[in-house]
Undergrad: 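I am attaching a structure below and will ask some questions about it afterwards.
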Amino acid sequence: MAPIFGDPPSDGTWITPIDRGGITVPDVPIVGFIEGDGVGPDIWRAAKPVFDAAVETASRGRRRIAWWEIAAGEKAFAAGGNYLPEETFEDIKKARVVIKGPLTTPVGGGFRSLNVTLRQKLDLYCCIRPVKHVPGAPAPVTRPQDVDMVIFRENTEDVYAGVEWKSGSPEAAMLIDFLRERMGVSIDSLSGVGVKPISPAATKRLVRRAIQFALEQGRRRVTLIHKGNIMKFTEGAFRDWGYEVARDEFAEHVIFEGDLAADSSGEIPPGKILMNDRIADAMFQQALLRPREYEVLAMPNLNGDYLSDALAAQVGGLGMAPGANIGDSCAIFEATHGSAPRYAGLDKVNPGSLILSGALMLEHMGWKHEAQLITAALSRAIQAKTVTYDLARLLPGAREVSCSAFGRAIVEQMKALQTDAR
């Protein structure tokens with residue numbers, strides 16, 4: 001079946017896989033994009049010129065991206081009557097690397113979350129959310145520069161698996177009766193009920209990826225975040241299985257907090273990673289009071305949703321928070337905020353989240369210079385106080401600009417950076 005939005009560009013080359021989950025990226029790769037709903041088209045129009053300018057500038061014209069639009073969300077529904085057509089999943093697998101704007105999901109009733117469906121059907125089991133202050137960005141804490149953490153959120157299980165039944169439904173009544181009669185559990189007969197699956201396989205592959213990331217990036221601490229003091233056989237098991245991975249597969253690289261406490265120096269030995277864990281609610285306080293003690297955080301799905309947004313608030317909000325959903329065969333990089341339909345078409349909102357997610361995407365592709373150029377230019381635009389409304393109201397003396405104008409300001413700062421480097 002032909003793609004709803006057209007065939008892939010003929011002037012590009014497919015990204016191909018290599019061993020151990022890596023990819024080979026040609027000089028003109030085909031990269032998928034999904035505009036998204038609500039403000040999605042606005043932020044995409046602002047972000048795409050930034051990506052193109054960064055690639056052209058950093059490679060001196062040797063590289064460029066052949067963009068391929070992939071169908072999803074309201075635009076796909078208008079074109080073919082389906083928010084997530086089956087060919088969408090096949091197209092994402094072909095492209096292997098995709099960037100997308102926010103997709104609308106109603107609260108309560110309505111259709112299932114499109115974001116969750118993409119993650120589950122494509123087995124994008126690892127949600128990676130780097131949280132680091134961009135110099136110049138306003139923040140509500142006194143030392144936002146102390147926050148430099150990377151969250152690894154399990155993406156396919158926990159309550160996000162969507163195994164639940166409505167209050168008063170026959171399915172809920174059947175499960176409640178079973179729990180009462182066979183398991184001795186007392187539940188109100190009109191409760192809505194859900195199941196929270198957490199498995200050793202899904203946990204271990206997430207924690208494995210977090211430890212590998214720490215080793216590759218020179219990070220010194222990996223912390224398991226859980227609520228295992230209450231949910232002992234799900235989140236408590238997440239903790240236990242995470243430690244199993246560390247002991248069984250990375251024994252020569254890790255040291256555990258108990259072992260470190262027994263050492264009189266209390267210092268992490270050279271070449272070692274400290275492996276520890278924290279209760280989820282305590283971690284929220286730790287993130288505020290002692291952020292410099294945490295670097296890589298691995299956690300179940302719901303904890304990851306909460307904590308990543310809370311950490312983003314410490315460095316300026318979701319408008320400045322990148323995110324990636326990565327599996328073994330493909331990856332989707334996305335704006336981490338919602339579709340904000342009330343601002344759709346107003347050319348108003350901050351495109352920073354999508355732009356920083358694009359930098360994360362370029363780094364994933366091995367184009368690190370291009371990624372660094374975007375981050376540096378974005379920071380310079382903010383320090384020059386040429387910003388969108390959300391940042392302008394927090395920066396005295398700022399000049400408020402539109403979404404698209406902010407993108408253009410970032411491109412201008414790239415040019416300035418290249419001039420300064422000569």
Undergrad: Would you indicate whether the side-chain heavy atoms of V296 and I151 approach each other to under 4.5 Å?
TA: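 The answer is no; the side chains never approach within 4.5 Å.
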
Undergrad: Just wondering, do I211 and M275 contact through their side chains at under 4.5 Å, heavy atoms?
TA: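 Side-chain contact under 4.5 Å: yes.
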
Undergrad: Please check this pair: side chain of K232 against backbone of N229, looking for a donor-acceptor N/O pair closer than 3.5 Å.
TA: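 Between the backbone of N229 and the side chain of K232 there is a qualifying donor-acceptor contact (under 3.5 Å).
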
Undergrad: Hey, does I279 have a side-chain heavy atom less than 4.5 Å from the side chain of K227?
TA: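 Yes, close enough: below the 4.5 Å cut-off.
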
Undergrad: Do we get K121 above F89's six-membered ring, with its NZ or CZ under 6.0 Å from the centre and within 45° of the axis?
TA: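 Yes - K121 lies over the ring of F89, closer than 6.0 Å to its centre and within 45° of its axis.
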
Undergrad: Given 3.5 Å as the limit, does a donor-acceptor pair link the side chain of S357 with the main chain of G323, or not?
TA: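 At least one qualifying donor-acceptor pair exists.
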
Undergrad: For Y125 together with F152, are the ring centres under 6.0 Å from each other?
TA: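 Ring-ring flag for F152/Y125: false, centres at least 6.0 Å apart.
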
Undergrad: With heavy-atom distances below 4.5 Å as the criterion, would you say the side chains of D123 and R205 are in contact?
TA: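 Yes; the side chains approach each other to less than 4.5 Å.
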
Undergrad: Indicate whether the side chain of E154 and that of T156 have a donor and an acceptor atom separated by less than 3.5 Å.
TA: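 Checked: E154/T156 side chains pair up, N/O donor to acceptor below 3.5 Å.
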
Undergrad: For residues 366-378, which side-chain N or O atoms pair as donor and acceptor with protein atoms under 3.5 Å away, sequence neighbours left out?
TA:
| unit_1 | atom_1 | unit_2 | atom_2 | d |
| --- | --- | --- | --- | --- |
| E370 | OE2 | R63 | NH1 | 3.0 |
| T375 | OG1 | A371 | O | 3.2 |

Undergrad: Just so I know, are the side chains of D37 and P102 near enough to count as touching, which here means a heavy-atom distance under 4.5 Å?
TA: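 Sidechains of P102 and D37: no contact.
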
Undergrad: Could you check whether F33 and W68 have their ring centres less than 6.0 Å apart?
TA: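 Distance test on ring centres: not under 6.0 Å, no.
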
Undergrad: Within the 4.5 Å heavy-atom criterion, are R408 and V50 side-chain neighbours or not?
TA: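 They are not in contact (no side-chain heavy atoms under 4.5 Å apart), so the answer is no.
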
Undergrad: Kindly indicate whether a cation-pi arrangement holds for R208 with F213, taking the cut-offs as under 6.0 Å to the six-membered ring centre and within 45° of the axis.
TA: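 No, R208 and F213 do not form such a contact.
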
Undergrad: Are there more than 12 heavy atoms of other residues, nucleotides or ligands under 6.0 Å from atom NZ of K204?
TA: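 Yes, NZ of K204 has more than 12 neighbouring heavy atoms, counting only those of other groups under 6.0 Å.
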
Undergrad: Cut-off 3.5 Å, side chains only: do D277 and Y243 have a donor facing an acceptor?
TA: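 The answer is yes; a qualifying pair exists.
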
Undergrad: From the options R219, R221, R220, select the one residue that forms a salt bridge (Lys or Arg N to Asp or Glu O under 4.0 Å) with D148.
TA: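 Considering R219, R221, R220, a salt bridge (Lys or Arg N to Asp or Glu O under 4.0 Å) with D148 is found only for R219.
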
